[in-house]
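Report on the structure given below.
All of these numbers come straight from a predicted model, not from anything done at the bench. Each ligand, and each atom within it, is numbered from 1 in the order the structure gives.
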Amino acid sequence: MEYGISTKCLYGNGEGSSTDKSGAISFPIYQTATFAHKGIGESTGYDYSRLQNPTREQLEKVVSSLEHGMDALAFSSGMAAITAMMELFQPGDHIITDCDLYGGSIRLFDNISKKNGILFSSVDCSAGDLREFEKLVGENTKAIFIETPTNPMMNVIDIEKLAEIAKKNHLLLIVDNTFLSPYFQNPLTLGADLVVHSGTKYLGGHNDTMAGFLVTSSAEIAGRLRFIIKTVGSGLAPFDSWLLLRGIKTLAIRMERGEVNARRMVEWLRREKKVTKVYYPGIPDHPGHEVCKKQARGFGCMVTFEVETKELAHRILKDVKLIHFAESLGGVETLVTYPITQTHADVPREILAANGVTDRILRLSVGIEDTEDLIEELERIFYV
Ligand SMILES: *Cc1c(COP(=O)(O)O)cnc(C)c1O
């Protein structure tokens with residue numbers, strides 16, 4: 001029998017609950033770099049923390065169970081995870097990406113991966129018609145890399161449909177699942193091969209720790225990634241692994257409350273005259289609403305909106321107090337982000353314009369506060 005998702009947040013599938021003899025309920029922090037051997041060939045299974053550490057291993061089991069993977073690997077940040085993932089590829093390999101991606105991923109692909117000989121094409125994968133997409137597939141094409149919903153424009157991509165094309169063409173389908181978290185969406189069960197998380201966001205959940213994950217359903221990929229993590233050395237430290245374990249315990253209740261709050265904020269923003277557009281996949285006339293409903297258990301806690309003037313956008317960023325003007329997302333505190341100068345500052349202007357990321361676009365990561373307080377603050381700023 002498999003545990004339900006809220007139970008998994010505490011125990012994973014139950015395999016590796018604390019083995020500590022004291023009966024500690026909280027999994028111990030194995031703050032050690034190395035492990036003693038009884039004799040030659042008598043490893044305890046742990047040799048050196050760059051390779052594996054019991055606290056990191058427990059975290060990996062929990063995340064793997066949440067994503068229905070066969071293995072998960074914990075890294076020192078989301079970007080460390082994506083950087084390690086790129087080591088699966090060789091110079092000359094071609095990867096197709098969606099056109100709307102996290103700015104840090106675009107920066108990595110454009111400045112580091114291209115230098116290492118990887119070729120990229122980007123295309124709008126949220127378009128219903130994927131024929132344009134198939135035209136890009138060549139002999140050297142190895143993978144598809146997407147996020148859904150996308151950041152910051154909330155475009156939704158049909159994971160199952162893309163997985164079919166990936167299978168047919170022998171491509172890996174890689175999905176960055178940071179925005180919905182495993183609580184709302186499990187790409188591996190929809191046919192993806194590899195899932196990426198910035199654990200800094202919903203998994204950690206408290207805006208206090210950096211972490212990243214790769215989760216896979218393939219033993220072959222897991223083996224290659226295990227070799228990469230021990231070789232490049234970007235695995236998550238024991239204490240940070242413990243902070244993530246603690247954060248994940250409340251993932252279910254944080255996501256539930258965050259989504260209720262996000263829906264309330266969306267309702268209010270849609271009634272507000274100075275707000276010209278609201279992007280949230282939970283809105284029935286959002287172009288990706290039906291696909292998101294089909295492939296996810298919720299619409300998440302991220303809301304993007306456009307205000308009538310650039311000046312108002314700037315006033316909001318300057319005058320918020322309860323809501324913080326800060327990069328990042330996925331924590332208990334509501335944050336507002338200005339994609340054009342923050343998360344997407346390094347993305348070429350023409351790409352931003354094509355995606356609709358203007359100087360009037362703001363992104364909210366809705367936290368777990370009383371929404372009345374959030375709304376009161378925005379109303380005060382809107383009508384000074
Ligand atoms: C934040 C983020 C990343 C990068 O993760 P870090 O933990 O900041 O390195 C990758 N993808 C998405 C969608 C993100 O939001």
Side-chain angles (χ1 to χ4, degrees), residues 59 63 67 72-86 95 97-113 122 125-126 144-157 159 174-185 187 192 194-215 229 232 234-237 240-241 243-244 247-248 255 258 262 279 281 292 296 300-304 326-331 333-339 342-347 355 357 363-367:
L59 169 64
V63 172
E67 279 293 11
L73 296 92
F75 293 86
S76 57
S77 71
M79 290 318 300
I82 301 172
T83 303
M85 176 203 87
M86 289 308 294
I95 299 175
T97 70
D98 183 54
C99 56
D100 195 17
L101 290 183
Y102 174 69
S105 301
I106 298 178
R107 182 170 54 225
L108 174 76
F109 298 160
D110 279 356
N111 297 285
I112 310 270
S113 310
S122 90
C125 298
S126 67
I144 307 169
F145 184 93
I146 62 161
E147 296 166 16
T148 177
T150 66
N151 177 14
M153 299 314 286
M154 305 290 161
N155 299 324
V156 176
I157 298 167
I159 299 173
I174 306 162
V175 180
D176 182 334
N177 200 31
T178 300
F179 259 41
L180 285 184
S181 89
Y183 186 71
F184 283 137
Q185 182 168 272
L194 195 53
V195 164
V196 175
H197 278 285
S198 168
T200 315
K201 315 295 168 55
Y202 290 105
L203 291 168
H206 294 75
N207 289 320
D208 57 10
T209 315
M210 305 286 306
F213 294 93
L214 296 176
V215 194
I229 199 172
V232 305
S234 48
L236 192 62
D240 290 355
S241 296
L243 284 169
L244 262 284
I248 292 171
M255 294 310 289
Y279 300 86
C292 196
C301 323
M302 298 300 299
V303 180
T304 297
E327 229 160 299
S328 201
L329 62 111
E333 298 92 356
T334 297
L335 304 182
V336 61
T337 306
Y338 199 38
Q342 288 185 308
T343 52
H344 286 61
D346 287 350
V347 180
N355 291 343
V357 183
R363 190 193 76 183
L364 275 181
S365 168
V366 182

| message | Using a 4.0 Å cutoff against the non-hydrogen atoms of Gly78, which atoms of ligand 1 qualify? | response | 5 (O), 6 (P), 7 (O), 9 (O)
| said: To check your reading of the model: name the closest protein heavy atom to atom 1 (C) of ligand 1, its residue, and the distance in Å. | reply: Lys201 NZ, 1.4 Å
| Sidechain-backbone polar pair: Asn355 side chain, Val357 backbone, donor-acceptor under 3.5 Å | no
| request: Could you tell me whether Met79 and ligand 1 have an N or O pair separated by under 3.5 Å? | output: yes
| Which ligand 1 atoms, with their elements, are less than 4.0 angstrom from a heavy-atom of Ala211? | 7 (O)
| said: Applying a heavy-atom cut-off of 4.0 Å, say which part of Ser328 lies close to ligand 1: side chain, backbone, both or neither. | reply: neither
| What part of Leu329, side chain from CB on, backbone N/CA/C/O, both or neither, has a heavy atom under 4.0 Å from ligand 1? | side chain
| said: Could you identify the single nearest non-hydrogen protein atom to atom 12 (C) of ligand 1 and state the distance to 0.1 Å? | reply: Asp176 OD2, 3.4 Å
| message | Has Asp98 got a side-chain atom pairing as donor or acceptor with Cys125's backbone, closer than 3.5 angstrom? | response | yes
| said: Below 3.5 Å, N or O to N or O, backbone or side chain included: is there any such pair between Ser105 and ligand 1? | reply: no
| To the nearest 0.1 Å, how far is atom 7 (O) of ligand 1 from its closest protein heavy atom, and which atom is that? | Thr200 OG1, 2.6 Å
| remark: The protein heavy atom nearest to atom 8 (O) of ligand 1 is Met210 CE, 3.8 Å
| message | Taking the side chain as everything from C-beta on, heavy atoms only, tell me whether Ile82 gets closer than 4.5 Å to Tyr102. | response | no
| How far is atom 4 (C) of ligand 1 from its nearest protein heavy atom, and which residue and atom is that? | Tyr102 CE2, 3.4 Å
| message | Within the 4.5 Å heavy-atom criterion, are Met79 and Leu108 side-chain neighbours or not? | response | yes
| Spatial distance of atom CG (Asp176) from atom CZ (Phe213) [nearest 0.5 Å] | 13.0 Å
| Winner among Gly212, Ser198, Gly199 once heavy atoms are compared against atom 5 (O) of ligand 1 | Ser198
| task | State whether the side chain of Ser365 and the backbone N or O of Leu329 hold a donor-acceptor pair below 3.5 Å, judged by distance alone. | result | no
| message | Contact between Ser76 and Met210 at the side-chain level, heavy atoms closer than 4.5 Å - yes or no? | response | no
| Is a side-chain N or O of Thr337 found less than 3.5 angstrom from the main chain of Ala326, in a donor-acceptor match? | yes
